[in-house]
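Chain letters run A, B, ... following the sequence lines, proteins first, then strands; residues in each count from 1.
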There are 2 protein chains.
Amino acid sequence: MYLPVDAAAPSGLNRAMSDPLDTVFAAIADPTRRAILSMLLEDDMAVTDVAEPFEMSLAAISKHLAILTRAGLISQERRGRVKWCKLEPDALRDASIWMQSFGQFEAVNLDAFERFLAAELGHDG
Amino acid sequence: MYLPVDAAAPSGLNRAMSDPLDTVFAAIADPTRRAILSMLLEDDMAVTDVAEPFEMSLAAISKHLAILTRAGLISQERRGRVKWCKLEPDALRDASIWMQSFGQFEAVNLDAFERFLAAELGHDG
DNA sequence: ATGACGCTCAACCGGATGGTTGAATATGGC
DNA sequence: GCCATATTCAACCATCCGGTTGAGCGTCAT
């Protein structure tokens with residue numbers, strides 16, 4: 001129930017099987033992509049606008065966005081010639097839960113956090 | 001402050017700067033390493049015992065353990081000729097906090113969130 | 001229709017990653 | 001001292017990753 005799933009079968013069966021956790025954690029392991037997620041926290045953005053503050057090519061940012069999309073962390077909707085990027089925070093939830101399973105640190109547990117959010121937002125987002 | 005740090009400076013300054021979050025997330029992006037962490041959740045283990053259920057060489061596992069150690073996720077204490085591996089769950093805490101800052105966010109009062117975190121983390125053991 | 005804009009594709013590059021093998025370096029037991 | 005055990009080191013390999021550049025493609029404006 002609370003145990004990380006692939007712990008039960010380290011038998012190489014899950015090799016190259018691409019657990020969603022793989023892609024999510026790999027996606028947020030890159031500082032550029034974390035920065036992008038932070039930007040999208042504030043607002044949906046077009047690809048060009050996402051790329052603007054970075055000192056790398058548009059193509060590079062486009063690749064980063066593709067990786068984030070594949071991980072389910074953002075979604076991209078094309079409107080006209082502009083592609084809008086939107087944060088999809090739900091994708092982090094499973095990863096977060098996995099981490100919580102190690103949660104002796106129990107510093108921020110989901111229950112407390114959600115109570116906090118409920119109090120803050122007045123709804124259960 | 002409380003928000004993902006590199007969000008403020010996506011200016012390429014943090015390139016090759018090796019944010020701890022980079023190493024932690026990269027470490028747990030690998031299913032083998034996640035499985036190892038799960039195993040260590042139950043008990044401290046010697047390197048050979050960690051390697052036993054996997055279908056890969058001892059040297060490979062040794063490398064994985066080195067990566068987990070560098071990320072601070074485990075510690076290794078040599079006793080005699082045996083090196084014992086111990087889970088260090090605290091290393092996941094910052095990563096967890098970073099993730100939760102995204103998880104649910106819509107329009108949370110960040111100041112309140114910071115106070116919440118301060119209160120929660122204040123009593124760390 | 002032409003051209004600027006927004007974005008992706010394709011090819012390429014250097015460096016990291018994840019694995020292998022075989023040798024090397026302790027340490028412990030007899 | 002000698003051998004087995006526990007672990008790492010070193011070299012090597014294939015593949016992936018993050019970046020570049022330049023061309024290509026769809027879309028909007030004139």
Problem set entry | Side chain R34(B), main chain I28(B), donor-acceptor under 3.5 Å | yes
For this session: Check the angle between the aromatic planes of F25(A) and W98(A) and answer parallel, tilted or perpendicular using the 30° and 60° thresholds.
Result: perpendicular
Exercise. In Å and rounded to the nearest 0.5 Å, what is the CG to CG distance from D19(B) to D94(B)?
Worked result: 9.5 Å
Problem set entry | Residues which pass side chain to side chain contact (heavy atoms under 4.5 Å, CB included) with R70(A), listed by chain and number, not counting sequence neighbours | A66(A), I67(A)
For this session: Figure out the CD1/P separation between I36(B) and dT7(D), and round it to whole Å.
Result: 13 Å
Seminar exercise, completed: Rounded to whole Å, the CG-C1' distance (L58(A) to dC5(C)) equals 11 Å
For this session: Considering just the side-chain nitrogens and oxygens of S62(A), establish if one lies under 4.0 Å of OP1 or OP2 belonging to dT8(C).
Result: yes
Problem set entry | Spacing of M56(A) atom CE relative to dT20(D) atom P, expressed in whole Å | 6 Å
For this session: Could you check which of dT20(C), dT8(D), dA6(D) has an atom nearest any side-chain atom of A60(B)?
Result: dT20(C)
Problem set entry | Upstream residue (5' side of DNA chain D) when D49(B) and R33(A) are each assigned their closest nucleotide | D49(B)
Exercise. Which whole-number value in Å describes the distance from D22(B) CG to dG15(C) C1'?
Worked result: 16 Å
Problem set entry | Straight-line distance of R93(B) CZ to M99(A) CE, nearest 0.5 Å | 11.0 Å
Exercise. In terms of side-chain heavy atoms of I67(A), which of dG18(D), dG19(C), dG19(D) is nearest?
Worked result: dG18(D)
Problem set entry | Donor-acceptor contact below 3.5 Å, side chain S62(A) vs main chain L58(A) | no
For this session: Please round to the nearest 0.5 Å and tell me the distance separating atom CE of M56(B) and atom OG1 of T32(B).
Result: 3.5 Å
For this session: Figure out the CG/P separation between D30(B) and dA16(C), and round it to whole Å.
Result: 18 Å
Which atom pairs link the protein and nucleotides 10-16 of chain D when you take only N or O atoms and keep those under 3.5 Å?
none

Exercise. Rounded to the Å, how far apart are E52(B) CD and dT7(D) P?
Worked result: 13 Å
Exercise. R79(B): what forms a side chain to side chain contact (heavy atoms under 4.5 Å, CB included) with it, not counting sequence neighbours?
Worked result: E77(B), W84(B)
Seminar exercise, completed: From the candidates dA6(D), dG19(C), dG18(C), the one with an atom nearest any side-chain atom of T48(B) is dA6(D)
For this session: Output the residues of residues 73-82 of chain A in contact with DNA chain D, where contact means a heavy atom of the residue under 4.0 Å from an atom of the strand; sort by number or write none.
Result: G80(A), R81(A)
For this session: Mind checking which stems touch DNA chain C? I mean at least 3 consecutive Watson-Crick or G-U pairs, both distances under 3.5 Å.
Result: C:1-30 with D:1-30
Problem set entry | Nearest heavy-atom neighbours spanning I36(A) and L68(A) | CG2-CD1, 3.8 Å
Exercise. Just how far, in rounded Å, is P of dG6(C) from CG of L65(A)?
Worked result: 15 Å
Exercise. I61(A) CD1 to dT20(D) C1': how many Å, rounded?
Worked result: 13 Å
Seminar exercise, completed: Here the gap from C85(A) atom SG to L37(A) atom CG, rounded to the nearest 0.5 Å, amounts to 10.5 Å
Exercise. Among dT20(D), dT21(C), dG19(C), which nucleotide sits nearest the side chain of S57(B)?
Worked result: dT21(C)
For this session: Please list, chain by chain and in numerical order, all residues satisfying side chain to side chain contact (heavy atoms under 4.5 Å, CB included) with D49(A), sequence neighbours excluded.
Result: M45(A), A46(A)
For this session: Nearest 0.5 Å please: distance from the NE2 atom of H64(B) over to the CZ atom of F54(B).
Result: 8.0 Å
